[in-house]
Amino acid sequence: MKSEITISELAKLMNVSVHQIRYFEEKGVLEPAYKDNNQYRMYSTEQVYQLAHILLLRKLGVPVHSIKECMTSFSADQYRQLLQRSLREIEGELLRLEQLQQFIKKVLHEQQNSSSRSRQYQIKRRDTTYFTCWIEMDSSTILDAKLLAEQAKRVPNLFESDIHYIYDGSSIVSLYTETQTPDDFSLPGGNYLSMQSLINEENELKHLIEQFYDYAAAQSYVISGPLILIEKSYLSLFSNNKLHYELQVLIETVATSEGGNDHDYGTDND
DNA sequence: GTTCTTACA
DNA sequence: TGTAAGTA
């Protein structure tokens, strides 16, 4: 009974494909102990350990063609650097996944929120929020793909964020994304009248805004500050590409209705 | 049945 | 990297 093993046994032992082992040989990183009379590759424990190292280096992102160089010439210090580099890469990847996880949670949460409360008015408490401007345009301009590509400031995952259109009464409308630190613009904390809506076409927006202001007037809310239109394009995923908008405007706290208030003071703002 | 080589997507 | 064909 031979003490060496065949390629398929080695493959099974190390949980890799036979093809991969031959590939490593072709690239000069793993030679069999010897070839049997039938040309079968035979491997001993030495190759087992060697393959373990190769697989580890692969996991660290070392390309197959440079593994040979690693194994023959790397000092302990060079290996340490290699490990530190891949540690940093993994931390970056972890961060990316955490952000994706957060986004998924947010979408699920918002989707549930919008499907149950479409066209409902709410009062939302908002803390001071900061924004970065990514495009500024005349309100009569149509935001087409060309304009988007040419003028917009690069924002990572733009369409996964809540895009804030701020109408300050002038003819300029600015598009913002939220940031953690003070930047181009900020909204004061306070109570905001909010309405969420699903619309089919952009031209329904005007009507929606009128409705919104009518409602505010009917409820005797004292409006201050600009009109905020929030576009949540990622929610269109759920509704045949209908557009999801939320209108918000800062209202001055009404002193007359203390206590008894039938509004939803949801603090479910991000 | 297993492995080998070669070729291909 | 996986899969397939044709051999030994």
Side-chain angles (χ1 to χ4, degrees), chain A residues 1-111 144-150 152-161 177 232-242:
Chain A
M1 185 76 180
K2 288 193 181 93
S3 65
E4 292 82 12
I5 56 179
T6 65
I7 195 166
S8 62
E9 287 172 312
L10 180 62
K12 204 169 164 186
L13 178 67
M14 304 303 287
N15 237 301
V16 295
S17 67
V18 167
H19 186 90
Q20 197 177 11
I21 297 174
R22 291 204 196 99
Y23 181 69
F24 289 148
E25 184 180 330
E26 189 189 315
K27 297 296 163 193
V29 296
L30 183 71
E31 291 293 320
Y34 66 92
K35 279 195 179 176
D36 216 348
N37 292 332
N38 54 14
Q39 292 299 296
Y40 283 15
R41 294 166 175 80
M42 303 303 290
Y43 301 89
S44 67
T45 49
E46 198 187 323
Q47 283 70 242
V48 172
Y49 285 112
Q50 214 173 343
L51 181 53
H53 287 155
I54 294 166
L55 294 174
L56 177 60
L57 291 174
R58 288 296 293 125
K59 281 191 207 170
L60 299 180
V62 180
V64 180
H65 67 261
S66 43
I67 285 182
K68 189 178 185 179
E69 190 194 336
C70 284
M71 301 211 303
T72 54
S73 69
F74 262 30
S75 65
D77 197 58
Q78 281 174 298
Y79 273 119
R80 214 170 44 82
Q81 280 178 19
L82 187 67
L83 294 196
Q84 275 167 350
R85 185 174 56 82
S86 77
L87 186 62
R88 281 196 298 275
E89 284 169 5
I90 284 168
E91 281 162 354
E93 186 70 359
L94 234 36
L95 196 67
R96 190 187 68 80
L97 290 172
E98 271 164 11
Q99 282 168 353
L100 182 59
Q101 184 187 45
Q102 280 305 106
F103 174 65
I104 291 169
K105 283 181 178 171
K106 175 179 131 180
V107 173
L108 285 171
H109 178 248
E110 297 236 12
Q111 198 267 335
D144 58 15
K146 196 75 183 168
L147 189 66
L148 212 54
E150 284 174 353
K153 199 167 129 187
R154 295 285 172 272
V155 174
N157 307 123
L158 178 62
F159 292 99
E160 291 176 14
S161 49
T177 52
K232 301 175 183 181
S233 57
Y234 51 87
L235 283 181
S236 304
L237 187 65
F238 299 93
S239 53
N240 295 322
N241 296 319
K242 279 189 180 144

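Within every chain, numbering begins at 1; the chains are lettered A, B, ... in the order of the sequence lines, protein sequences first and strands thereafter. Since we're looking at a predicted model, the values are computed, not measured. The basis for the numbers below is simple: all heavy atoms, side chains too, and nothing from hydrogens, waters or symmetry mates.
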What integer distance in Å separates A:Glu26:CD from C:dG2:P? 15 Å
Is it the case that more than 12 heavy atoms not belonging to A:Glu31 sit under 6.0 Å from its CD atom? yes
Any carboxylate oxygen within less than 4.0 angstrom of a Lys/Arg side-chain nitrogen, looking at A:Glu25 and A:Arg22? no
Using Watson-Crick geometry (N1-N3 plus N6-O4 or O6-N4) or G-U wobble (N1-O2, O6-N3), each under 3.5 Å, C:dT7 is paired with none
Using atom CG of A:Asn37 as one end and atom C1' of B:dC4 as the other, report the distance to the nearest whole Å. 15 Å
Take the protein atom OH of A:Tyr23 and the nucleotide atom P of B:dA7, then report the distance between them rounded to whole Å. 16 Å
Check every strand shown and say whether A:Arg41 touches a base, only sugar-phosphate, or nothing at a heavy-atom separation below 4.0 Å. sugar-phosphate
May I ask which nucleotide in the shown strands pairs with B:dG1, Watson-Crick or G-U wobble, both distances under 3.5 Å? none
When rounded to the nearest 0.5 Å, the distance separating CG of A:Leu51 from OG1 of A:Thr45 is 12.5 Å
At under 4.0 Å, does any side-chain N or O of A:Thr6 touch on OP1 or OP2 of B:dT2? no
Between B:dT5, C:dG2, B:dT2, which one does the side chain of A:Ser17 approach most closely? C:dG2
A:Phe24 CZ to C:dG2 C1': how many Å, rounded? 14 Å
Between A:Gln47 and A:Ser44, is the side chain to side chain donor-acceptor pair (under 3.5 Å) condition met? List the steps. CA-CA 6 Å; A:Gln47 283 70 242; A:Ser44 67; 2.9 Å; yes
Upstream residue (5' side of DNA chain B) when A:Met42 and A:His19 are each assigned their closest nucleotide: A:Met42
Just N and O in the side chain of A:Gln39: are any of them under 4.0 Å from OP1 or OP2 of B:dC4? no
Between P on C:dT1 and CG on A:Asn15, what's the gap in Å once rounded to a whole number? 13 Å
For the base of B:dT2, is there a side-chain donor-acceptor partner from A:Tyr40 under 3.5 Å away? yes
Rounded to whole Å, the CD-C1' distance (A:Glu9 to B:dT2) equals 11 Å
Between B:dC4 (C1') and A:Tyr43 (OH): distance, integer Å: 11 Å
Between A:Tyr34 (OH) and B:dT3 (P), how many Å, whole number? 14 Å
How long is the span from the CZ atom in A:Arg80 to the CG atom in A:Leu87, to the nearest 0.5 Å? 12.0 Å
Do the side-chain N or O atoms of A:Lys12 get closer than 4.0 angstrom to the phosphate oxygens (OP1, OP2) of B:dT2? no
